[in-house]
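The structure under discussion appears below in the form of structure tokens.
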Protein chains: 2
Amino acid sequence: MASPSTARTADDETPRYGEAEERALALWVVLSRAAQAVGALSAADIARSELTVAEFGVLELLHHKGPLLLGEVQKRVLVSSGGVTYIVDRLSERGLIERRACPNDRRARYAALTRKGKALMKQVFPQHAVAIRDAMAGLSPAEQEQAHALLRKMGLAAAAAMGPKAVREG
Amino acid sequence: MASPSTARTADDETPRYGEAEERALALWVVLSRAAQAVGALSAADIARSELTVAEFGVLELLHHKGPLLLGEVQKRVLVSSGGVTYIVDRLSERGLIERRACPNDRRARYAALTRKGKALMKQVFPQHAVAIRDAMAGLSPAEQEQAHALLRKMGLAAAAAMGPKAVREG
DNA sequence: ACTTTTTATCTCATTACTGAGATACTTAGT
DNA sequence: ACTAAGTATCTCAGTAATGAGATAAAAAGT
């Protein structure tokens with residue numbers, strides 16, 4: 001996601017939009033940049049384990065939730081249906097997860113961490129938590145909690161604005 | 001960028017990391033989700049003009065700053081060197097921007113909006129500003145300003161933590 | 001003047017997806 | 001039971017990038 005730009009028009013015309021738009025646009029710029037910067041630190045930490053961000057997302061999800069249907073994984077990791085197949089294939093090839101049949105529904109399949117995958121996450125996740133803690137160290141604990149509350153409100157409202165549908169197609 | 005997960009370990013062990021890590025991780029989750037949700041609304045608006053987010057980013061940048069060296073575009077839009085060539089090629093094919101020689105440096109080239117590109121941005125940017133305003137409508141103006149200050153601080157600290165280098169390689 | 005180093009852009013093979021459609025199974029309706 | 005509609009996953013062609021290396025020019029060092 002490329003960053004939105006920050007500046008005024010090249011020729012110094014008065015913009016044809018008002019205060020509310022300016023405020024929202026400026027907020028969108030700092031939001032993108034903050035997410036980009038923290039995301040880059042997170043990605044750098046993840047790359048040390050030779051994993052992509054999306055792969056790590058799936059491993060982390062299974063680490064915390066246990067075996068999950070592929071459809072559940074898709075909804076939570078926000079990737080297309082083909083993308084889940086692709087990521088799960090690769091993690092399977094590396095022996096970190098495996099597909100398991102679903103007893104009630106022969107169409108469906110679980111993704112579950114293998115022993116090797118569990119061991120990896122037990123080793124890697126705590127240091128990842130430290131990397132994220134450090135990435136957020138620019139804000140005090142109190143500021144982090146303020147930011148949390150504001151971002152949660154913002155995110156829920158924006159998600160609702162799209163309709164409960166289509167967080168990602170499949 | 002896939003969303004980080006939110007939950008605790010499947011087996012109810014106490015996590016091996018402390019309060020500071022939990023707070024930062026939770027903040028990272030809401031930060032990603034807010035950026036994702038607002039970004040999706042932004043992207044949906046941009047798609048109405050048959051542009052990708054990255055293409056729109058370049059057009060918006062040139063709209064606001066005027067002609068810019070490709071290297072400048074690269075730094076601001078946070079894309080790889082090959083990516084700039086690719087995006088600029090496509091926008092040029094569509095007649096929205098053009099490359100211009102740089103008089104002082106025969107290696108370098110400017111990207112500049114064509115008349116057609118300027119007309120498009122004049123038509124499209126104000127409605128994009130409205131889309132972003134609406135996407136942020138979950139927060140009051142005062143809350144938006146608080147969020148702005150916090151995110152700016154967070155983003156600057158995280159960017160500094162990577163070293164002034166490598167926002168994106170090229 | 002002549003290397004060496006740095007800088008700006010482009011090329012190209014590869015990657016990590018997307019999304020439309022195919023396949024296989026399940027659920028609901030009749 | 002039979003058919004229609006719905007759902008879960010997979011396949012595959014295409015896309016938007018990445019990033020290492022090529023090319024060319026400029027700047028610095030000697």
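Per chain, numbering begins at 1; letters A, B, ... match sequence-line order.
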| remark: When rounded to whole Å, the CZ to P distance for the pair B:R109 and D:dT23 reads 17 Å
| field | Residue pair B:V58 / B:V73, side-chain heavy-atom distance below 4.5 Å | value | yes
| message | Can you work out whether A:I87 or A:N104 has the more 5'-proximal nearest nucleotide on DNA chain C? | response | A:I87
| note | Among the nucleotides C:dT18, D:dG21, C:dC17, whichever has the atom closest to the side chain of A:S80 is C:dT18
| When the distance from CG of B:L70 to C1' of D:dA24 is rounded to whole Å, what number comes out? | 15 Å
| Whole-Å gap separating P (D:dT18) and OH (B:Y86) | 11 Å
| Can you check the B:K75 NZ to C:dT7 C1' distance for me, whole Å? | 10 Å
| query | Taking atom P of C:dT23 as reference, at what distance in whole Å does atom CG of A:D105 sit? | reply | 19 Å
| said: Would you say that A:I132 contacts B:E21 through its side chain, given a criterion of any heavy-atom pair below 4.5 Å between the two side chains? | reply: no
| request: Quick one: do B:R90 and B:E93 satisfy salt bridge (Lys or Arg N to Asp or Glu O under 4.0 Å)? Show the steps, please. | output: CA-CA 5 Å; B:R90 274 196 342 219; B:E93 278 159 26; over 6 Å; no
| task | Could you tell me whether the phosphate oxygens of C:dT9, OP1 or OP2, come under 4.0 Å of any side-chain nitrogen or oxygen in B:R99? | result | no
| task | Would you classify B:G71 as touching base, sugar-phosphate or nothing, given that sugar-phosphate means primed atoms plus P, OP1 and OP2, and contacts are heavy atoms under 4.0 Å? | result | sugar-phosphate
| Between atom CZ in B:R106 and atom C1' in C:dT7, what is the gap in whole Å? | 15 Å
| request: Provide, to the nearest angstrom, the distance between the CG atom belonging to B:L68 and the P atom belonging to C:dA8. | output: 13 Å
| B:V88 with B:L59, same ILVMFWY side-chain cluster at under 4.5 Å | yes
| query | Rounded to the Å, how far apart are A:R107 CZ and C:dT27 C1'? | reply | 8 Å
